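So the structure is just underneath, and the comments pick up after that.
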Amino acid sequence: MRSLDFAGNTGSSRIMLNVTFEQLSEFCDTEKTAFIVDRNVLDLHKDKLSLYQRLIEVEPGEQQKTLETVNTIYGRFLEWELDRSSVIVGVGGGMVCDIAGFAASTYLRGIPFGFVPTSLLALVDASVGGKNGVNYHGYKNMVGTFNQPGFVLCDFDFLRTLPYDELKNGIAEAIKSALIADEALFNYIEDNKEEIYSLNHDVIQRVVLDSLNIKIVVVSRDETEKGERRKLNFGHTIGHAIEKTIGLHHGEAVSIGMAISAGLSKKNGTLTEKDVERIERLLNYFQLPTKLEGDRKAIIDAICKDKKREGENIHFVLLDGIGNSLIEKIKIEELQEVLFDLC
Ligand SMILES: NC(=O)c1ccc[n+]([C@@H]2O[C@H](COP(=O)([O-])OP(=O)(O)OC[C@H]3O[C@@H](n4cnc5c(N)ncnc54)[C@H](O)[C@@H]3O)[C@@H](O)[C@H]2O)c1
């Protein structure tokens with residue numbers, strides 16, 4: 001077992017890699033545990049989960065990440081008379097991690113909680129960093145907390161049942177992490193593409209470990225996203241706008257966002273044409289798109305309405321070579337012009 005520790009102002013997490021769900025009792029008192037589980041995961045992994053009585057089934061899908069779902073969860077906590085000695089474990093993708101972390105952080109002003117991430121995106125990103133929350137009135141992650149899970153148990157066997165479209169979302173995030181902070185990880189993903197495709201556990205472990213290390217280093221320096229944590233948004237300002245406007249999968253939208261941001265970095269003089277091509281080739285290998293197709297104006301308008309803008313400016317993440325990034329404060333007007341040129 002490999003493990004990683006994260007100690008932040010909002011709590012500490014131990015992340016255990018390549019362990020099995022059956023080992024859960026080594027990390028928490030399963031007698032006192034209530035599980036919040038994605039229904040798809042429950043259906044596909046009944047053998048692992050049906051051993052436990054206190055299971056709250058959450059319907060899959062981003063549209064379930066709401067206060068209404070949290071309300072139902074609180075009802076079950078009350079019914080089971082959970083107290084601060086109880087433990088909440090979220091088993092699912094990023095949606096379940098976010099909602100389980102939020103329900104646990106707010107019920108009785110906070111019950112200990114942990115995650116068993118079952119999607120690659122949750123493994124490389126959503127389960128670590130302490131952001132929990134729900135969507136509100138159609139706005140993503142508008143209500144939430146910063147609070148670290150006590151533990152994250154990574155059992156790669158769950159990935160066996162993950163549809164490829166969902167796997168791609170995690171691959172895009174791992175490539176993002178490599179691009180902003182770790183050239184060696186980028187090279188490793190390039191050299192081990194086939195093994196990632198076939199879910200070789202040793203290769204997946206290295207990709208998860210390195211991606212999480214990057215997230216941990218960045219988050220430790222800026223837990224509440226006032227500066228450096230913004231780097232994790234590389235490709236996401238454009239990606240979110242694409243996701244919202246033309247409804248692509250998150251990973252596909254971020255992939256286009258990263259390709260456009262790589263183009264912007266080239267224009268900025270901090271990335272070579274050769275590196276732009278290398279990035280696009282790797283994304284395309286995993287069937288992640290790099291060209292924008294759709295209503296450009298609507299997408300650019302959505303970028304300019306990003307909730308992370310500050311007045312007339314937006315913090316935009318650019319690459320300074322593969323494995324390095326910088327945050328530029330760009331005037332929305334300027335960004336608009338460049339995007340019309342580039343897209
Ligand atoms: N808190 C953070 O730092 C952070 C970071 C990134 C993303 N997020 C959040 O994470 C969410 C996206 O996460 P996601 O991509 O995991 O989406 P998700 O949790 O919605 O899961 C995607 C789909 O995969 C299915 N699934 C999950 N694991 C499976 C498995 N092992 N086998 C079969 N099906 C499986 C789910 O049922 C669902 O249909 C978003 O809500 C996003 O806002 C949070």
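Positions are given from 1, in the same order as the sequence printed here. Counting starts at 1 for both ligands and their atoms, following the listed order. Because the structure is predicted, anything quoted here is derived from the model rather than measured.
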Among all protein non-hydrogen atoms, which one is nearest to [atom], and what is the separation to 0.1 Å?
atom	answer
atom 14 (P) of ligand 1	Gly94 N, 3.5 Å
atom 40 (C) of ligand 1	Glu62 OE1, 3.2 Å
atom 20 (O) of ligand 1	Met95 CB, 3.6 Å
atom 6 (C) of ligand 1	Asp125 OD2, 3.5 Å
atom 30 (C) of ligand 1	Thr161 OG1, 3.5 Å
atom 12 (C) of ligand 1	Leu121 CD2, 3.7 Å
atom 21 (O) of ligand 1	Gly93 CA, 4.3 Å
atom 26 (N) of ligand 1	Leu162 CD1, 3.8 Å

Verify, without hydrogens or angle tests, whether [X] (side chain) and [Y] (backbone) share a donor-acceptor contact under 3.5 angstrom.
X	Y	result
Asn284	Leu288	yes
Asn192	Glu195	no
Arg54	Glu31	yes
Glu166	Pro163	no
Ser265	Thr270	no

If you measure from the Lys or Arg side-chain nitrogens to the Asp or Glu carboxylate oxygens, is any gap between Glu62 and Lys65 under 4.0 Å?
-> yes
Hydrophobic clusters here meaning ILVMFWY residues chained together by side-chain heavy-atom distances under 4.5 Å, can you tell me if [X] and [Y] are in one?
X	Y	value
Val124	Val217	no
Ile189	Leu121	no
Phe115	Leu44	no

N/O separation below 3.5 Å, [X] to ligand 1:
X	answer
Thr118	yes
Pro163	no
Phe158	yes

Heavy-atom contacts with [X] under 4.0 Å: which atoms of ligand 1 show up? List them by number with element.
X	value
Val41	27 (C), 28 (N), 29 (C)
Lys65	40 (C), 41 (O), 42 (C), 43 (O)
Asp98	1 (N), 2 (C), 8 (N), 9 (C), 43 (O), 44 (C)
Pro60	37 (O), 39 (O)
Leu44	32 (N), 33 (C)
Lys215	3 (O)
Asn141	43 (O)

Tyr188 ring centre to Arg206 NZ or CZ under 6.0 Å, with the angle to the axis within 45°?
->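 Checked: cation-pi criterion met.
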Measure from NZ or CZ of Lys193 to the centre of the six-membered ring of Tyr285, then state whether that distance is under 6.0 Å and the direction lies within 45° of the axis.
-> yes
Just wondering, more than 12 heavy atoms not from Arg14 lying within 6.0 Å of its CZ?
->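 No, CZ of Arg14 has 12 or fewer neighbouring heavy atoms, counting only those of other groups under 6.0 Å.
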Around atom CD of Gln53, are there more than 12 heavy atoms of other residues, nucleotides or ligands at under 6.0 Å?
->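 12 or below, so no.
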Identify which of Ser119, Ala126, Gly129 has a heavy atom lying nearest to atom 8 (N) of ligand 1.
->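 Nearest heavy atom to atom 8 (N) of ligand 1 lies in Ala126.
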Min over Asp38, Asp43, Val58 of heavy-atom distance to atom 37 (O) of ligand 1 lands on Asp38
Does Lys140 reach ligand 1, in the sense of a heavy atom lying below 4.0 Å from it?
-> yes
